[in-house]
2 protein chains.
Amino acid sequence: MRPTTLTEAVYGRIRNDILLGLLKPGDKLKLESLRQRYDASINTLRETLSRLVADGLVANEGQRGFTVVPTSLADLRDITEMRQLLECHAARLSIQSADLDWESRVVGAYHKLSKIEQVIDTDPKRYSPLLEAYNRQFHGALISACGSRWLLNFHGVMYDQSLRYRMLAFQVRDFPRDQSRREHREILDAALARDADRLTALLTAHITKGAELYVEQDLTRAQGTKRRGPPPRRHAGPRK
Amino acid sequence: MRPTTLTEAVYGRIRNDILLGLLKPGDKLKLESLRQRYDASINTLRETLSRLVADGLVANEGQRGFTVVPTSLADLRDITEMRQLLECHAARLSIQSADLDWESRVVGAYHKLSKIEQVIDTDPKRYSPLLEAYNRQFHGALISACGSRWLLNFHGVMYDQSLRYRMLAFQVRDFPRDQSRREHREILDAALARDADRLTALLTAHITKGAELYVEQDLTRAQGTKRRGPPPRRHAGPRK
DNA sequence: AAAATAGAAAATATCCAATTTTAAAATGGA
DNA sequence: TCCATTTTAAAATTGGATATTTTCTATTTT
């Protein structure tokens, strides 16, 4: 589904630019520049930025305008643990009430992911953002039967946060090959075997490894401007 | 800390009105009416409403404006379970890294809560919103040493959501007496004894009971307008 | 030279008026 | 009663104007 309103479209674009690291942690988001870059009015921009504040991707201190939320190892650790908690819990619930539809979604998502992983693995030059999209869909499918909107909601937020760190890591280091492919395969097997314990163990390890991609570099250096305060504010909902 | 900007102030006021049930589930939030009621411009209003969308208190479907998010038993169940998950997890973590400061916050918060509970218990007419504030502070203190900003963040969202249901229940039924007082006492004891298992068990029960106040009435009747679709969208950060 | 201060320039937060789009309601026949 | 059309009420956006607040820079003071 494509955005029905301008605000939503711009929201998606800025969000994407932050997630991809085009807008770097700490960057000041001057309304005037944004106006030109995204071709929308100040008011529309402010509205979209407010939403991003809620997602924990943008900060809005007092009267000092908007900035891209800074990164830190502590924040990454927090996000990683939180994502593990939520994703494992949701995966467990999903397995409990797993039905054929769920299985079908999981297998389908895995297939897509697997195919593109194969392509990229043989030729790293062909890395595509599609990989990230399919990866998200696979993880999404796994927990799609958990039955809790809020859980999916929060998980989505954490997923995006961790994605940002991962993408930042790829800016300085090569995309890791092979390993995550095998992990995904194991995760799929555990899911289809309805082995909740094994599944959560695998997911935990998988998520940890993903985070390490970032930790390995010390990416917590100069970012945009000064204070690299704590993370977000208030935030909410998942994508329809 | 008082709001530094108009938007923040209005945000707080609308938020409060929704939590208190002054703005009822399903209510249409016409910008024009809001403009008068809260004395702010359309743009400012849109900005604050966007934030509330993130909190899962306001919905913003397509091009049909804003509405107060409807309530439903399914949603309440979801919220309740989610709050239990987060609050118990956070309480456990808190106990793990509990120090004297934490203990002091817990005891202090309990004291305030206890005092006002006593007053209200002897004279129900004197029910005060302060009780809710102190109750929040007590629960907040319990998990304040968990060390995870995101966890506190998400918990805050769930707490507010459950508070809304509770307040809606009080509109039709009397404030329950005595029981929760005893529960709080037990919770305090378990916390000070560093008994994580007992504490989480008590918290779970306590939260369940709180939710039942609402379930007991069938409060899921006509609310504002038509479709009472699913809950929220995206959401994010905690209060500073 | 470090610290404090005054003033200028830049950027925010807000508001208002006007336009374009959309959705919901009303109307008028088949 | 059920469509199709017109009307009407709102919402989404824009552009511009205005106070206020920050931030920067040059000037003084200690």
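Keep in mind that this is a model prediction, so the values were computed, not measured. Naming convention: chains lettered A, B, ... in sequence-line order (proteins, then strands); numbering from 1 in each chain.
Along DNA chain D, the nucleotide nearest to A:Gln63 and the one nearest to A:Leu6 differ in position, and the one closer to the 5' end is contacted by A:Leu6.
In this structure B:Arg13 satisfies the side-chain contact (heavy atoms from CB on, under 4.5 Å) test together with B:Tyr38, sequence neighbours excluded. Residues that satisfy the side-chain hydrogen bond (donor to acceptor under 3.5 Å, both in side chains) test with B:Thr208, not counting sequence neighbours, are B:Gln84. Shown here are the salt bridge (charged side-chain N to carboxylate O under 4.0 Å, His left out) partners of A:Arg35, two or more places apart in sequence or in another chain: A:Glu32. Every residue two or more places apart in sequence or in another chain that forms a side-chain contact (heavy atoms from CB on, under 4.5 Å) with A:Leu6 is listed here: A:Val10.
Taking atom CD1 on A:Ile42 and atom P on D:dA17, their separation rounds to 13 Å, with Å as the unit. Here the C1' atom of nucleotide D:dT13 and the CD atom of A:Glu8 are 14 Å apart, to the nearest Å. Taking atom CD of residue A:Glu47 and atom P of nucleotide D:dT14, one finds them 10 Å apart after rounding to whole Å. Protein atom CG of B:Leu49 is 10 Å distant from nucleotide atom P of D:dA11, rounded to whole Å. A straight line from CG of A:Asn60 to C1' of C:dA13 spans 10 Å, rounded to a whole angstrom. Spacing between atom CG of A:Asn43 and atom C1' of D:dA12 amounts to 11 Å, rounded to whole angstrom units. Remark: P of D:dA10 and CG of B:Leu29 are 14 Å apart, rounded to the nearest angstrom.
Counting only residues at least two apart or in different chains, salt bridge (Lys or Arg N to Asp or Glu O under 4.0 Å) contacts with residues 98-108 of chain A comprise A:Glu103-A:Arg194.
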Going 5' to 3' along nucleotides 6-11 of chain C, which nucleotides have protein heavy atoms under 4.0 Å from the base (write B), which only from the sugar-phosphate (write S), and which from neither (write -)? -----S

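Within the 4.0 Å cut-off from OP1 or OP2 of C:dC15, at least one side-chain nitrogen or oxygen of B:Thr44 is found. Checking the phosphate oxygens (OP1, OP2) of D:dA12, a side-chain nitrogen or oxygen of B:Arg46 falls inside 4.0 Å. Close to D:dA11, at under 4.0 Å from its OP1 or OP2, lies no side-chain N or O of A:Thr5.
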Let me see the working for B:Tyr11 and B:Asn16 under side chain to side chain donor-acceptor pair (under 3.5 Å), right down to the final yes or no. CA-CA 8 Å; B:Tyr11 167 79; B:Asn16 215 47; over 6 Å; no

